[in-house]
Q: 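Pasting in a structure now, in structure tokens, and then I'll have a few things to ask.
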Amino acid sequence: MTTTKTLFGEVREQIGDRGKIEVLIGIPTFNNAKTVEPVLRAVKDGVNKVCPEASVLVVNADAGSQDGTQAAIKQAVGPDTPTAFVQHLAGDFFPGPISLQALSESGVPGREHAFRTFFTIAEELEVKACVVIDGNFRSLSSDWVEVLLRPVVEKAVDYVAPLFRRARYEGSLTNCIIYPLNRALYGKQMRYQSGGGYGFSGKLASLYLTKNVWEGEAARYGIDSWLTTVAVAEGCEVSQGFLGTKIHDTTLTGIELSILLAQAVGALFHLMEAYQEVWEGRTGSSPVPQFGPPYEPGPEGGAVNVERMVRGFQQGLRDLLPIWEIILAPETLAGILALGLLEAEEFRFPEALWVQTIFDFALAYHEKALHREHLLKSLTPLYLGQTASLVLGTREGSPEDVERAIETLCRKFESMKPFLTQRWRFP
Amino acid sequence: MSTLWQEAVIEAFRETTVRIAHLLPKLLALFTFLALGLAAGWLMKVLLLRLLKAFRFDALCERFGLGSSLAKTGMHQSPSHLIGRLSFWLVFLLFAFMGIDALDLTATTNMMSSIIDFLPHTIAAVVLLLFGVLLANFMAEAALIATVNAQIEEARIIASFIRWGVLLFTAAMVLTQLGIAKEIVVAAFSIMFGGVMLALAIGIGLGGQSIAKDFLEQRLRRKKFERDEMSHI
């Protein structure tokens, strides 16, 4: 990682002395020449809608593109807007197959380096607002930038998280673990959808830089997993911006589910340790302001192979039992064992049991009962069971039924939180 | 006659007395060493236990599956207690050997120097063994989780294969380190490893062609047709 002074010197060299910069637009890219041009045009239009008089700096943090992404950016931005290019990853970067620090679901390697670059420059320039948008979007419009930027510029909001219209059952990991657990812990009804676009205040950008999340264990988890959690836990003014449908090019595909799960849930558990004092004292939850059009559930999605999910759960039950015996409380394990007797069509994961399972995993992570990467990955079959249960329980109903099921699950997490708090402190 | 008899008795008595006089301090030295060994061993055990407790060694071993491995072998003591006991006996035996050496017996001459010469090999072998068991458990656990998540039916067989492979390799290294039948161990390991690989190659190449084909077809087809189209995050 380039040091702050070198990095800023590099940017200064490229843009010259432009005086006060008010808005920083961060574009992380990796071989996005095909999509980055329309993205930047939409971004420019969006900024012009919100604050046409503001001085803007575009920063591109590239992970080593070989397809002319930089040239496409130069062409799209034009000579009027100052633009800085930072190459944030060395050519020898290779995300190891074992490491959790593999690839984010956006398909851009080393995203945390890109974000750190944006925040560092934002802090040095003392910008008022910072918007980060991935360069691989196909569905981006100027409205997105408006939704992400306006609350920060006009309403003194610190953080605008993206909220997308997604097909039914899309983002099941977020809906079954990340959203309910974060909501129960920190008391904010943020949907915790990650990736794509974010809006930050200059103050929050500086705050992120002071947090111990860039190095060590925390850095092993993807940045999208902890941006929202840190903002909520730090008590910042947070909000959500509904951006509509998300369509993007993934340059790197095939990220294994267990790695994705370990990244997202690992970040959550890691921050539970860091923010213990914060979440222990919070009860219930409250909605957060939402910008853009009203949120609406998505349409029918692609095929969901429930039988395969149930099979995955049953195999976990058969083969991972010695590992689960270390992680789960005896009563939780007894409940899970009983699920092994159910036929695929009758399969249901009771809400209370699922909540108990997640709490047991969080406690085992806290107590270091097992190697942490193994612990997190061994949750995968159970998660498949929960997802299968959600699909089986709602597939005959409307999209609103799925939303209702998620809401019920969230309330269960909230009502059972005292159990977690007690055992966290007194194992 | 009487004088000769008297002289013989006196001489024998004197010699025995001298021998006893020579042996007594050595015996005393032996008992002193034994007592010192007990005290030093106990002290070492207590200090080591406290140190291991401070570093949460048992929890660490549990994380790497050493605790459960010990339980499987019938040892129900915690790893730190086991190391404590081992250190006690090691220190005690060291002092005991010093005591035996102090007796200056012909049979035990140079025993101490031989033991001290062999000590580094023993320590290296113990460390190797510990590391090997930890590595075997860790790799087997990682393989088991990965294969279960990939929904490979033979997950447990693969994990066992990895565990025993690493343990076998460790055993060969430990025996080589101890210098026990070095050539035989290396040859046996090479033959065994090569044999297993050859058997697998012949087995799949000749006897299990259709099974391998079916398996690959099943895996690839399942991937193709059963893959979810949903994004999980």
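Naming: A, B, ... by sequence-line order, numbering from 1 per chain. No hydrogens, no waters, no symmetry mates; every other heavy atom, side chains included, goes into these values.
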Q: Is it the case that over 12 heavy atoms from other parts of the model lie below 6.0 angstrom from the NE2 atom of B/His81?
A: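 It does not: B/His81 NE2 has 12 such atoms or fewer within range.
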
Q: Table please: side-chain donor-acceptor pairs of residues 117-128 of chain B below 3.5 Å, with sequence neighbours left out.
A:
{"residue": "B/His121", "atom": "ND1", "partner": "B/Gln177", "partner atom": "NE2", "Å": "3.4"}
{"residue": "B/Thr122", "atom": "OG1", "partner": "B/Phe118", "partner atom": "O", "Å": "3.0"}

Q: Would you mind reporting whether B/Glu153 and A/Arg318 have side-chain heavy atoms less than 4.5 Å apart?
A: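 Yes - at least one pair of side-chain heavy atoms lies under 4.5 Å apart.
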
Q: Testing the basics here: between B/Ile152 and A/Gln315, what is the closest heavy-atom pair and its distance to 0.1 Å?
A: O-NE2, 2.5 Å

Q: Evaluate the side-chain proximity of A/Glu373 to B/Ile145: yes if any heavy-atom separation is below 4.5 Å, no if none is.
A: no

Q: Would you indicate whether the side-chain heavy atoms of A/Leu320 and B/Glu141 approach each other to under 4.5 Å?
A: no

Q: Can you check whether A/Lys377's main-chain N or O pairs, donor with acceptor, with B/Asn149's side chain at less than 3.5 Å?
A: yes

Q: Apply side-chain contact (heavy atoms from CB on, under 4.5 Å) to A/His371 and B/Asn137, showing your working.
A: CA-CA 11 Å; A/His371 184 265; B/Asn137 284 329; over 6 Å; no

Q: Given the rule in the side-chain contact (heavy atoms from CB on, under 4.5 Å) test, do A/Ile323 and B/Leu144 qualify, once you have shown the distances and angles that lead to the verdict?
A: CA-CA 10 Å; A/Ile323 294 172; B/Leu144 180 69; 4.2 Å; yes

Q: Does B/Gln151 use its side chain to pair, donor to acceptor, with the backbone of A/Arg308 at less than 3.5 Å?
A: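 Yes, the answer is positive, given that a donor and an acceptor are paired below the 3.5 Å cut-off.
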
Q: In terms of heavy-atom pairs under 4.5 Å, which option from A/Gly312, A/Cys176, A/Ala264 contacts chain B the most?
A: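 Heavy-atom pair counts peak at A/Gly312.
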
Q: Count the heavy atoms belonging to other residues, nucleotides or ligands that lie under 6.0 Å from CE of B/Met44, then report whether that count exceeds 12.
A: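 Count not over threshold, so no.
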
Q: For A/Ile178, is it the side chain, the backbone, both, or neither that has a heavy atom closer than 4.5 Å to a heavy atom of chain B?
A: side chain

Q: Is it the case that over 12 heavy atoms from other parts of the model lie below 6.0 angstrom from the CZ atom of A/Arg165?
A: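 Enclosed: over 12 neighbouring heavy atoms sit under 6.0 Å from CZ of A/Arg165.
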
Q: Take atom CZ of A/Arg395 as the centre, draw a 6.0 Å sphere, and report whether it contains more than 12 heavy atoms from other residues, nucleotides or ligands.
A: yes

